[in-house]
Amino acid sequence: MTSSVLEFRSADGHGDGKSESLDFATEHMNLTTKSLSLPNETFLRAAISLKDQAVQLTWREALGGGDRTELVVDPTVYSGLLGTALTCLRSYEVTGDKRDLLLCSEIVDTCATVARASFRHVTFLCGRGGLYALGALVANYMGNNRKRDLFLGLFNEVATERALPVGPEEGGFGMSYDLLYGRAGFLWAASFIKKHLGEDAVPNDILMPIIAAVLAGGRAGASNNTDCPLMYRWHGTRYLGAANGLAGILHVLLHFLLPEEDAEDVKGTLRYLTSKRFPHSGNYPSSEGNPRDKLVQWSHGATGMAITLCKAAQVFPNDREFRDAAIEAGEVVWKSGLVKRLGLADGVSGNAYAFLSLYKLTGEYMYEERAKVFGGCLYDRTKSLRPEGQTGGGSSAYSLFQGLAGAACLWFDLLAPHNSRFPGYEL
């Protein structure tokens, strides 16, 4: 996973390329009052403006009079054009402006023309799953049932690919299990479709073997570790975070009604995960055995953990430990999460969603305030930001997870925190 090309700049205009926290005490004092005083109209205008910039720089200017299929260097939700499409869709859902819906549809259709050649993966964030799921939802919004059913058919075709349900007991692990590139990412796309288009849109009988393979792979990966029922490797490393690790896979499994034995394994793995916190900071390592206590973000660290634990607290309301652990992870983000980068994956935009998740879980206004502090920080900083490498349709400077589009989605969500959702992670 690559790093964001965008950072908050120092006074001389040069970033140091790291994601350590800013001087939080100073930033907190300067921003708390200002952030909470920002009216919703300011966040709305800023979100629309930033969305328009993303469209202009990743879509319109990048066309350059050429063939649109040649434009699509990176068609993914994570770092490419489908992220611009999802941002337009979020704008449409908030404002009702049908021009955003038409833009989203146009981008999706262009990505669809190059899908088979460009997409190696099947996930929502980095593969065909995202294309077909978005395409079906947009077509449904537009009342085009024929196109909706076409995209649903393509999605369900992907679900039958042999690599998805292949488990270790069949002589191979098939594809990876993680959210960005593996089976969990495909299952999340299926959950997205089911939420928006109904439970029958993706038949359960084609999903259950995939869920079974994920559970079987986790048990095989945990081997004889009695404290951890499920464990996975990505490129040989036992990652713990949301993007490529345990937290992301568990978060997806929590969206499905599992048999009691499987649910107990998920709970046991969550307990194992929380036991890996650094004792002094309360933050989480990026991978098992990694002593580096530095990353506080969605992809690695307390932010992704907080959001996953909020979901666990909702699914297992009688297990108070998950709610408590989510709150503790949120405190880590509050103390250390005002980082230099700004994207959803590893920056302030993503970190703010930890507070929105906690607000939805607890109903406590404090968490909405904290999200607005981080949102206000972004608003204040983006006015002087100097993005690098912002040309071309594949640029990450205005991408959803690595650039500015993530801030636009956050600002849209600050208008109605009870309906907020981390793009591509929360439903």
Side-chain angles (χ1 to χ4, degrees), residues 8 19 21-50 90 93-94 242 281-283 296-298 301-314 320 322-344 346-383 385 404 406-423 425-426:
F8 292 156
S19 58
S21 301
L22 299 173
D23 184 343
F24 184 79
T26 302
E27 290 292 333
H28 178 268
M29 291 176 64
N30 290 341
L31 288 167
T32 299
T33 303
K34 179 190 295 185
S35 300
L36 295 179
S37 66
L38 287 177
N40 280 351
E41 290 77 9
T42 300
F43 283 127
L44 178 60
R45 286 196 301 269
I48 292 172
S49 175
L50 206 48
R90 192 75 187 101
E93 290 172 336
V94 171
S281 70
N283 192 29
V296 179
Q297 51 191 243
W298 171 78
T303 299
M305 301 297 177
I307 297 172
T308 292
L309 288 165
C310 281
K311 180 64 179 177
Q314 293 167 350
R320 179 79 187 196
F322 299 135
R323 180 188 175 97
D324 292 343
I327 290 171
E328 290 171 11
E331 290 303 308
V332 174
V333 180
W334 178 239
K335 293 174 182 176
S336 305
L338 201 59
V339 295
K340 291 186 176 182
R341 300 187 190 278
L342 60 80
L344 288 176
D346 56 8
V348 177
S349 298
N351 287 353
Y353 276 97
F355 307 128
L356 292 175
S357 295
L358 283 163
Y359 173 70
K360 290 182 292 184
L361 175 66
T362 67
E364 293 185 18
Y365 182 60
M366 171 183 71
Y367 295 116
E368 181 182 351
E369 290 180 331
R370 290 181 173 184
K372 286 186 174 180
V373 169
F374 276 40
C377 173
L378 284 168
Y379 178 79
D380 186 66
R381 296 270 175 171
T382 52
K383 291 184 290 188
L385 199 64
L404 288 163
C409 286
L410 172 65
W411 291 334
F412 281 129
D413 275 330
L414 288 175
L415 304 177
H418 58 287
N419 288 327
S420 64
R421 54 192 183 274
F422 192 111
Y425 199 56
E426 292 182 294

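When a residue number appears, it is its place in the shown sequence, counting from 1.
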### Query
NZ of Lys340 to CG of Asp346: how many Å apart, nearest 0.5 Å?
13.5 Å

### Query
Sub-3.5 Å donor-acceptor pair from the side chain of Asn283 to the main-chain atoms of Gly301, do we have one?
no

## Note on the structure
d(Leu309 CG, Glu328 CD) to nearest 0.5 Å is 9.5 Å

### Query
Among Leu414, Leu410, Asp413, whose side-chain contact (heavy atoms from CB on, under 4.5 Å) with Phe43 holds?
Leu414

### Query
Is there a side-chain contact (heavy atoms from CB on, under 4.5 Å) between Ile48 and Trp411 once you walk through the steps?
CA-CA 9 Å; Ile48 292 172; Trp411 291 334; over 6 Å; no

### Message
I'd like to know whether Lys335 forms a salt bridge (charged side-chain N to carboxylate O under 4.0 Å, His left out) with Glu331, so could you lay out the CA-CA distance, the side-chain angles of the two residues, the decisive distance to 0.1 Å, and finally the verdict.
### Response
CA-CA 6 Å; Lys335 293 174 182 176; Glu331 290 303 308; 5.2 Å; no

#### Entry: Considering all heavy atoms, the nearest Leu358-Cys310 contact
CD2-SG, 3.6 Å

### Query
In terms of side-chain heavy atoms, does Tyr367 have a donor or acceptor partner in Ser357 at a distance below 3.5 Å?
no

### Query
side-chain contact (heavy atoms from CB on, under 4.5 Å) between Glu426 and Lys360: does it pass, once the steps are laid out?
CA-CA 12 Å; Glu426 292 182 294; Lys360 290 182 292 184; 3.4 Å; yes

## Note on the structure
What one should report as the nearest heavy-atom pair of Pro417 and Leu356 is CB-CD2, 3.8 Å

### Query
Relative to each other, are the rings of Phe422 and Trp298 parallel, tilted or perpendicular (30° and 60° limits)?
parallel

### side-chain contact (heavy atoms from CB on, under 4.5 Å) assessment of Arg90 paired with Arg421
CA-CA 10 Å; Arg90 192 75 187 101; Arg421 54 192 183 274; 3.5 Å; yes

#### Entry: Ring geometry between Trp334 and Phe374 (parallel below 30°, tilted from 30 to 60°, perpendicular above 60°)
parallel

### Message
Would you say that Ser420 contacts Phe355 through its side chain, given a criterion of any heavy-atom pair below 4.5 Å between the two side chains?
### Response
no

### Query
Distance from Leu361 atom CG to Ile307 atom CD1, nearest 0.5 Å?
12.0 Å

#### Entry: Heavy-atom closest contact (Ala354 atom, Val333 atom, distance)
CB-CG2, 4.2 Å

### Query
Between CG of Leu378 and CG of Leu338, what distance do you get to the nearest 0.5 Å?
8.5 Å

### Task
Using modelled atom types only, decide if a donor and an acceptor are shared between the side chain of Ser49 and the backbone of Ala46 within a distance under 3.5 Å.
no

### Query
Of all heavy-atom pairs between Ala306 and Gly330, which one has the smallest distance, and what is that distance?
CB-N, 4.2 Å

### Query
Hey, what do you get for CG (Asn40) to CZ (Arg45), rounding to the nearest 0.5 Å?
11.0 Å

## Note on the structure
Rounded to the nearest 0.5 Å, the CD atom of Glu368 sits from the OG1 atom of Thr362 at a distance of 11.0 Å

#### Entry: Least distance between heavy atoms, Val296 atom then Asn351 atom
O-ND2, 3.1 Å

### Query
Going through the checks in order, is the side-chain contact (heavy atoms from CB on, under 4.5 Å) test met by Val332 and Ser281?
CA-CA 7 Å; Val332 174; Ser281 70; 5.7 Å; no

### Task
Please assess Glu369 against Lys372 for the test salt bridge (charged side-chain N to carboxylate O under 4.0 Å, His left out), listing each intermediate value before the final yes or no.
CA-CA 5 Å; Glu369 290 180 331; Lys372 286 186 174 180; over 6 Å; no

